[in-house]
Amino acid sequence: MAEFYEQVKERLMRYARINTESDPHSTSVPTTSCQHDLASVIYEELQKIGATNVYYDKDTCVVYGSLEANVKTGRAIGFVTHMDTAPDASGKDVKPWVLENYDGNDIVLNKEKDIVMSPSVFPNLKQYIGQDLILTDGTTLLGGDDKASIAAVMTLLEYLVKHPEIKHNFISVAFTPDEEVSGLAKDLDLERFKSPIAYTLDGDHLGYYMDETFNASLSTIEIHGISVHTATAKGIMKNAVDIGNAFLNKLPALEYTQGREGFYHVVSFNGDCEYAKIEINVRDHDSLQFDIRNNTLKMIVDMLNKEYGQGTVNITQRIQYRNLKEVIDQVPFMIPYLKQAIESIGLTPQTEPFRGGTDGSALSHRGLPCPNLSAGYENAHGRFEYVPIQSMEKNVEILLNLIDIYAKCDC
């Protein structure tokens, strides 16, 4: 629809110019104060649109809004998107522009700096011949992850307010910070959100959905050695670095994995003779295998302590998120309804186990079942990110169809 086209285009380009880059090393909430700049814009826009229950939690940088039901049938639905952009590439001074009617050839993003995006490197470009692409000047990311979703949700809400004849049950929305640095929507207030179910909107490729993620943990291994002069070291020295190497050598061989294969990933290993620290990510889709992997690390710790003395090696394990499929499978209508909404605009729904996590992973295990619908951007987290305007248009249509399904369902 032409109305959707102009609105999603204008919104994404406006949001993209607002720097919301998050910081993985910060301990503040949110991790960067600039995320409040977009939060305040969304808050004011929700009020202007005519949304209800609009609230901006300035302590947590979460923005809420809703539309009241105009039918007594069906059930409530919610949508969650994130405001921050990844720190992998700069989100400052983004200069979005539109290439209309893409012809399938190389795209000059920045003539002065000779920055060119080629379909020989990014073959997905060929899927968008004839479409209109929002791009950058090649020096920053665009921020379509996840501002393309924000643009779609805001356009959806405005359209529904302008068209009260469209029947819908209660609709809740939330815009959260720090997703890119594992914020996991931890401060989203479920009581304020109200809807008992929701969908996150995030990810590449129009028409994709996600109902399965990794289980994830971070293990921190601390090794306490004893340093003495090498002239008298025999029988006394315990080299923490050597013990750390022994720890890693007891792990299964590290290799690249794909699909549903889990893994151990050594994030860092730092130390000297007296003290060393190892951080290891554990990932697996299968909960049993995930638990086995975590227990394997504990067993290695026990083995090394028997060899080098109790207390030499300590391990702290923190669950980061769980596979959302464990929760989604208990709400059997959510994925069929989503697939139906995608099919209704002529697309074939596609999915694959996601080798990562989403805000929905954490929200699902907090009691808000929350699978994911793709935002339709491409090449996220880098200077060659782009968003087809037509993908955002179609996402608004998918959301409209999903709302219609929920308004009529007897679930």
Side-chain angles (χ1 to χ4, degrees), residues 23-27 86-88 180-184 212-326 352-358 361-362 365 381-382:
D23 180 359
H25 306 295
S26 170
T27 58
D88 305 68
E180 300 292 1
V181 291
S182 300
L184 297 176
E212 183 172 5
T213 63
F214 271 142
N215 295 287
S217 69
L218 173 65
S219 290
T220 301
I221 295 93
E222 295 182 282
I223 305 165
H224 302 278
I226 298 175
S227 178
V228 296
H229 194 287
T230 53
T232 57
K234 184 176 176 62
I236 300 173
M237 176 186 285
K238 291 198 294 188
N239 190 322
V241 172
D242 287 344
I243 298 171
N245 282 327
F247 185 100
L248 296 181
N249 286 334
K250 293 181 185 299
L251 288 177
L254 296 175
E255 59 185 14
Y256 293 109
T257 59
Q258 61 184 354
R260 296 183 56 84
E261 297 170 326
F263 57 80
Y264 301 91
H265 172 58
V266 180
V267 179
S268 65
F269 182 4
N270 298 290
D272 52 30
C273 182
E274 199 158 70
Y275 175 80
K277 180 179 177 180
I278 305 172
E279 291 187 318
I280 299 176
N281 280 338
V282 176
R283 301 289 187 267
D284 211 297
H285 287 99
D286 183 272
S287 292
L288 177 59
Q289 291 302 316
F290 176 67
D291 291 340
I292 290 173
R293 289 181 185 278
N294 283 312
N295 287 332
T296 296
L297 297 182
K298 293 178 182 177
M299 291 170 58
I300 295 173
V301 168
D302 291 341
M303 292 169 60
L304 292 174
N305 279 330
K306 287 180 180 179
E307 182 175 353
Y308 294 98
Q310 290 301 315
T312 300
V313 186
N314 297 312
I315 184 170
T316 303
Q317 294 183 310
R318 178 172 64 88
I319 300 297
Q320 296 168 303
Y321 53 85
R322 305 287 304 201
N323 189 346
L324 62 81
K325 188 173 178 60
E326 298 172 9
E352 58 187 7
F354 180 51
R355 292 176 60 80
T358 68
S361 303
H365 285 272
H381 295 200

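All residue numbers refer to positions in the sequence shown, counting from 1.
- Put simply, the side chain of N314 never gets that close to the backbone of E222: no donor and acceptor are under 3.5 Å apart.
- R260 places a side-chain heavy atom less than 4.5 Å from the side chain of P353.
- Under the 4.5 Å side-chain criterion, counting only non-hydrogen atoms from C-beta, E180 is in contact with H381.
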*Report the C-alpha separation of Y321 and S182 in whole Å, then their side-chain angles, then the decisive distance to 0.1 Å, and conclude whether the side chain to side chain contact (heavy atoms under 4.5 Å, CB included) test is met.*
CA-CA 9 Å; Y321 53 85; S182 300; 6.0 Å; no

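- In this structure, Q289 and E261 have side chains that are not in contact, with every pair of non-hydrogen atoms separated by 4.5 Å or more.
- Rounding to the nearest 0.5 Å places CZ of R293 at 9.5 Å from CG of D286.
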_Please evaluate residues K250 and M299 with respect to the criterion side chain to side chain contact (heavy atoms under 4.5 Å, CB included), reporting the C-alpha separation (whole Å), side-chain torsions for both, the decisive distance (0.1 Å), and the verdict._
CA-CA 10 Å; K250 293 181 185 299; M299 291 170 58; over 6 Å; no

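- Between the CD1 atom in I278 and the OG atom in S268 there is a gap of 8.5 Å [rounded to 0.5 Å].
- Of the inter-residue distances, the one linking I300 atom CD1 with N249 atom CG reads 10.0 Å to the nearest 0.5 angstrom.
- Within the model, atoms NE2 of H265 and CG of L218 stand 10.5 Å from one another, a figure rounded to the nearest 0.5 Å.
- The closest donor-acceptor contact from the side chain of R355 to the backbone of F214 lies at 3.5 Å or more, if one exists at all.
- Y308 pairs with exactly one of I243, D242, N239, I223 by the side-chain contact (heavy atoms from CB on, under 4.5 Å) rule, that one being I243.
- A heavy-atom distance below 4.5 Å is found between the side chains of S287 and R322.
- Looking only at side-chain heavy atoms (C-beta outward), P87 and D23 stay at 4.5 Å or farther from each other.
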*Take F247 and L297 through the test side chain to side chain contact (heavy atoms under 4.5 Å, CB included) and record every step on the way to the result.*
CA-CA 9 Å; F247 185 100; L297 297 182; 4.0 Å; yes

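- When all heavy atoms of F269 and V241 are compared, the closest pair comes out as CZ-O, 3.7 Å.
- Here the side chains of E326 and N215 are in contact, with some heavy-atom distance below 4.5 Å.
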*Give the C-alpha distance, both sets of side-chain angles, the deciding distance and a yes or no for side chain to side chain contact (heavy atoms under 4.5 Å, CB included) between I280 and L248.*
CA-CA 10 Å; I280 299 176; L248 296 181; 4.3 Å; yes

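- Here L324 contributes atom CG and H365 contributes atom NE2; the two are 7.0 Å apart, rounded to the nearest 0.5 Å.
- Under the 4.5 Å side-chain criterion, counting only non-hydrogen atoms from C-beta, R318 is not in contact with T220.
- The backbone N or O of A240 sits nowhere less than 3.5 Å from a side-chain atom of H224 that would complete a donor-acceptor pair.
- Residues E212 and N323 have side chains in contact (heavy-atom distance under 4.5 Å, counting atoms from C-beta outward).
- R283 CZ to F290 CZ: the interatomic distance, rounded to the nearest 0.5 Å, is 7.5 Å.
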